[in-house]
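Taking it in order: structure first as structure tokens, then the write-up.
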There are 2 protein chains.
Amino acid sequence: MSKQPVSVLTSRPDERPSGAPLACCAPLAARALSTEEAVTVAPLFKALGDPVRLRLMSMIASSAEACVCDLTDAFDVSGPTISHHLKVLREAGLVDCERRGTWVYYWVRPQALESLGTLLGAAGGAAG
Amino acid sequence: MSKQPVSVLTSRPDERPSGAPLACCAPLAARALSTEEAVTVAPLFKALGDPVRLRLMSMIASSAEACVCDLTDAFDVSGPTISHHLKVLREAGLVDCERRGTWVYYWVRPQALESLGTLLGAAGGAAG
DNA sequence: CTCCTGTTTCGATGGATGTCTAATCAGTGG
DNA sequence: CCACTGATTAGACATCCATCGAAACAGGAG
């Protein structure tokens with residue numbers, strides 16, 4: 001597959017302000033992502049790519065914080081499975097958690113969702 | 001260099017039913033997604049959850065349309081692998097394609113990205 | 001300390017996924 | 001017709017992943 005591409009779509013890596021561990025912030029349609037950028041951002045989408053995790057995320061996001069006990073009750077899967085999915089979301093940087101006594105509470109890290117939203121070109125598109 | 005002679009000859013569009021239901025549009029932070037909604041939307045995120053596919057998506061989105069030949073050139077993986085990933089994006093309803101003579105061209109279905117953007121944008125904005 | 005509950009970790013397993021090569025389909029041109 | 005190129009499909013294979021039950025960890029109550 002070695003041929004000279006016309007580079008209709010070969011956009012040069014735009015110099016971006018590095019420093020953000022999470023997604024870069026150029027809208028997807030503005031320019032092509034570099035391999036590095038794609039490798040960085042894809043895991044975030046992947047983390048949201050499971051129905052259970054996506055719903056967990058929405059439940060956590062729709063309130064200030066959510067107790068694992070309540071989250072677990074809302075699904076048909078076992079406790080360990082919920083714990084596993086929460087760990088995936090945590091390691092993706094989408095949520096954070098804290099133990100308070102017996103219970104563990106999760107909340108959304110806004111920066112992450114914001115980055116993805118910007119990437120998808122949602123800047124201002126959100127309507128109530 | 002120009003390996004894409006602007007083909008004027010247009011064959012019939014590859015009208016294949018990409019029966020992918022697109023995302024509904026409830027902002028993530030506004031309320032918790034139902035199981036059905038999560039099952040509907042998650043595959044879209046999943047489709048973007050692979051670095052190759054995410055970069056393919058960005059390359060297609062950053063220009064009006066993209067030829068498979070150019071897309072293939074931009075990656076280290078084989079042609080069939082690119083074709084496979086494009087199929088995943090197609091079946092997710094994120095892109096559509098058309099054969100024009102020898103080459104096949106892909107473009108973004110804006111509605112899909114818009115839905116995801118709204119979903120995330122509203123969440124990020126509201127939570128921030 | 002012991003028991004109980006909530007949460008996470010461990011190990012195993014069936015199914016999904018990304019990748020490849022080889023083969024096939026689609027079009028152009030001799 | 002046949003040869004050639006571009007793109008997809010088919011089949012195979014190694015790896016990853018969602019899920020479970022059992023066990024371990026964390027904290028409160030008797």
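Letters A, B, ... mirror the listed sequences (proteins, then strands); counts begin at 1.
Closest approach to the B:P80 side chain among C:dT19, C:dT21, D:dA22 is made by C:dT21 (side chain taken as heavy atoms from C-beta onward). Minimum atom distance to the side chain of A:S83 is reached by C:dT8, of the listed C:dG6, C:dT8, C:dT19. Of the candidates C:dC20, D:dT9, D:dA18, the closest approach to any side-chain atom of B:K87 belongs to D:dT9. In the set C:dT8, C:dA16, D:dG28, the nucleotide with an atom closest to the side chain of A:T102 is D:dG28. Distance from the side chain of A:L86 is smallest to C:dT8 among C:dG6, C:dT19, C:dT8. Of the candidate nucleotides C:dG18, D:dT8, C:dT8, C:dG18 has the atom nearest to the side chain of B:D50.
Within the 4.0 Å cut-off from OP1 or OP2 of D:dC25, not a single side-chain nitrogen or oxygen of A:R99 is found. In this structure, A:Y106 does not reach the C:dT7 phosphate: none of its side-chain N or O atoms is under 4.0 Å from OP1 or OP2. For A:T81 and D:dC20, the shortest distance from a side-chain N or O to OP1 or OP2 is below 4.0 Å. At the phosphate of D:dT19, OP1 or OP2 sits under 4.0 Å from a side-chain N or O atom of A:H85.
Using a 4.0 Å heavy-atom criterion, one finds that A:C67 contacts the sugar-phosphate atoms exclusively. Among the heavy atoms of the strands lying under 4.0 Å from B:R53 are primed sugar atoms or P, OP1, OP2 only; no base atom is included. No contact: A:F75 has no heavy atom under 4.0 Å from any strand.
When rounded to the nearest whole Å, the span between CZ of A:R100 and C1' of C:dT7 equals 15 Å. We find that CG of B:L54 is positioned 13 Å from P of C:dG18, with the value rounded to whole Å. Atom pair A:E91:CD and C:dT9:P shows a separation of 9 Å (rounding to whole Å applied). Look at CG on B:L89: it is 14 Å from C1' on C:dG18, rounded to the nearest Å. Protein atom NZ of B:K46 is 16 Å distant from nucleotide atom P of D:dC16, rounded to whole Å. Taking atom OH on B:Y105 and atom C1' on C:dG27, their separation rounds to 13 Å, with Å as the unit. The separation between B:R55 atom CZ and C:dG18 atom C1' is 16 Å, rounded to whole Å. Distance, A:W103 CH2 to D:dA29 P: 8 Å, rounded to whole Å.
B:R100 has a carboxylate O that lies under 4.0 Å from a charged side-chain N of B:E65, or vice versa, which qualifies the two as a salt bridge.
Side-chain atoms of A:S63 never come within 3.5 Å of backbone atoms of A:A66 as a donor-acceptor pair (strictly under, hydrogens ignored). Judged purely by atom type and a 3.5 angstrom limit, B:E91 has no side-chain atom pairing as donor or acceptor with the backbone of B:V88.
Between B:H85 and the choices B:R55, B:R53, B:R90, the side-chain hydrogen bond (donor to acceptor under 3.5 Å, both in side chains) rule is met once, by B:R53.
A cation-pi geometry, defined here as NZ or CZ lying under 6.0 Å from the six-membered ring centre and within 45° of its normal, does not hold between B:R99 and B:Y105.
For A:T81 and A:S78, the side-chain atoms include at least one donor-acceptor pair closer than 3.5 Å.
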